[in-house]
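First comes the structure, then the notes that go with it.
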Number of protein chains: 2
Amino acid sequence: MDDSCSVRLQIFLQLQAVNKDLCSKFETCFGASTSRVEILHYLLQHEEIPQSALQKEVNIDAAAVTRHLKQLEAAGTIVRYKKADDQRATWVKLDDTAKRHIKESYQEKGQFIEETLADFSEEELKQFLYMINKVSDNVSRVTKQDLGGEK
Amino acid sequence: MDDSCSVRLQIFLQLQAVNKDLCSKFETCFGASTSRVEILHYLLQHEEIPQSALQKEVNIDAAAVTRHLKQLEAAGTIVRYKKADDQRATWVKLDDTAKRHIKESYQEKGQFIEETLADFSEEELKQFLYMINKVSDNVSRVTKQDLGGEK
DNA sequence: CATCAATTATTGATAGGTCAATGATATAAC
DNA sequence: GTTATATCATTGACCTATCAATAATTGATG
């Protein structure tokens, strides 16, 4: 683990470290956690959306989504409601004035991500994304095969 | 934020998603969280080490380190002690039999990381690491400049 | 040597995530 | 139509990370 795959191990560790730093600075820049911003991002792109769909888009547990939305609702940022045809599903929608504020705020802070990926050519960016996706595929494949005979 | 830098945004989101999956599967594979394994990894490489040094190596808060070490100590995996010349610093050391077990276990499971990065040529690996490091540099640079005039 | 500052580890409060269990509604099967 | 099954949102219990405050020890400075 130390010699033969040291580059791989380093990648693994660096990935974690970078991600943590990134999230932390993202949070202080945007004034909200990445999860929260991700949720708001999707809400910006959909006039209204069922909570279950939102939950699938965002990368967190349903329980966590519920708690985020409750807070956002309490803050007046979003509205939640049910429709006549299905009393289970909850629909989520951005409050109008909140929507404006968020749009402005994002425009102003969108550069954070740009700077994070400064000095990358467009070509490099594509390749980077490609690699990340490859790792993602590998990871999802690992689950089903490898962990069969364990413990 | 949606059009001009959509690739960047995608990279950002994917990075998070991948990292989360990676950690989750890593954890079920190794039977311990990435933080825990990282700690043990460093302990494998140092016969004994001051807790403060360990904390700097590993990517987590001092408080979290304390709690991990307490658990590891309670489980008999590590030993902690002070030295005569400095009653503040706590030294940490792997228990001998635990050390053997961990070494075996790692050998067996080291392939997890390999499979995660399967289908990467050595060249690609290097480039990937290079890119991650570049992002890391960018992120650390952002802090000092950008967040000056905020809020 | 007495005080002030720095280092080290710890604790408490808080935030945000997971999983498992629950309740309420909707759909299917018979 | 009634019973079983699925979907959806929520809650409670738990875990792990953060930050801020604290305590204990050491080093430095007057």
For the pair made of [atom1] in [X] and [atom2] in [N], what is the distance, rounded to whole Å?
X: A:I49; N: D:dC8; atom1: CD1; atom2: C1'; result: 15 Å
X: A:K82; N: D:dT7; atom1: NZ; atom2: P; result: 16 Å
X: B:N59; N: D:dA17; atom1: CG; atom2: P; result: 10 Å
X: B:I39; N: D:dT16; atom1: CD1; atom2: P; result: 11 Å
X: B:I60; N: C:dA15; atom1: CD1; atom2: C1'; result: 17 Å
X: A:Q55; N: C:dC19; atom1: CD; atom2: C1'; result: 13 Å
X: B:Q71; N: C:dT10; atom1: CD; atom2: C1'; result: 15 Å
X: B:L72; N: D:dC15; atom1: CG; atom2: P; result: 15 Å

What does [X] touch in the nucleic acid at a heavy-atom separation under 4.0 angstrom: a base, only the sugar-phosphate, or nothing?
X: B:Q51; answer: sugar-phosphate
X: B:S35; answer: sugar-phosphate
X: A:T66; answer: base
X: B:R36; answer: nothing
X: B:S33; answer: nothing
X: B:A64; answer: base

*Partners passing side chain to side chain donor-acceptor pair (under 3.5 Å) against A:R100 (at least two apart in sequence or in another chain)*: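 Scan of A:R100 (side chain to side chain donor-acceptor pair (under 3.5 Å), adjacent residues dropped) gives none.
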*With B:S121, which residues qualify under side chain to side chain donor-acceptor pair (under 3.5 Å), at least two apart?*
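Scan of B:S121 (side chain to side chain donor-acceptor pair (under 3.5 Å), adjacent residues dropped) gives none.
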*Applying the salt bridge (charged side-chain N to carboxylate O under 4.0 Å, His left out) test to B:K99, which of B:E104, B:E48, B:E47 qualifies?*
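It is B:E47; the other options fail the test.
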*Determine whether the side chains of A:N133 and B:Q14 contain a donor N or O and an acceptor N or O closer than 3.5 Å.*
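Indeed, the side chains of A:N133 and B:Q14 share at least one donor-acceptor pair under 3.5 Å.
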*Would you say the side-chain atoms of A:T97 and A:D95 include a donor-acceptor pair closer than 3.5 Å?*
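Checked: A:T97/A:D95 side chains pair up, N/O donor to acceptor below 3.5 Å.
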*Nearest to side-chain heavy atoms of B:T90, which nucleotide of C:dA9, C:dG17, D:dC8*: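 Output: C:dA9.
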*According to the interplanar angle, ranging from 0 to 90°, do the rings of A:H41 and A:Y106 count as parallel (below 30°), tilted (30 to 60°) or perpendicular (above 60°)?*
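Rings of A:H41 and A:Y106: parallel, as their planes differ by under 30°.
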Give a yes/no answer on whether the side chain of [X] brings an N or O atom under 4.0 Å of OP1 or OP2 in [N].
X: B:R80; N: C:dT8; result: no
X: B:K70; N: C:dT11; result: yes
X: B:H68; N: D:dC15; result: no

*When you measure from the side chain of A:Q55 to the backbone N and O of A:I60, does any donor-acceptor pair fall under 3.5 Å?*
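Yes; at least one donor-acceptor contact below 3.5 Å.
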Please list, pair by pair, any protein nitrogen or oxygen found under 3.5 Å from a nitrogen or oxygen in nucleotides 20-28 of chain D.
residue: D:dT26; atom: OP1; partner: B:Q87; partner atom: N; Å: 2.7

*Report the residue (A:R67 or B:L69) whose heavy-atom-nearest nucleotide on DNA chain C is the more 5′ of the two.*
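It is B:L69, whose closest nucleotide lies nearer the 5' terminus.
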*Just wondering, do A:V139 and A:V135 contact through their side chains at under 4.5 Å, heavy atoms?*
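In contact.
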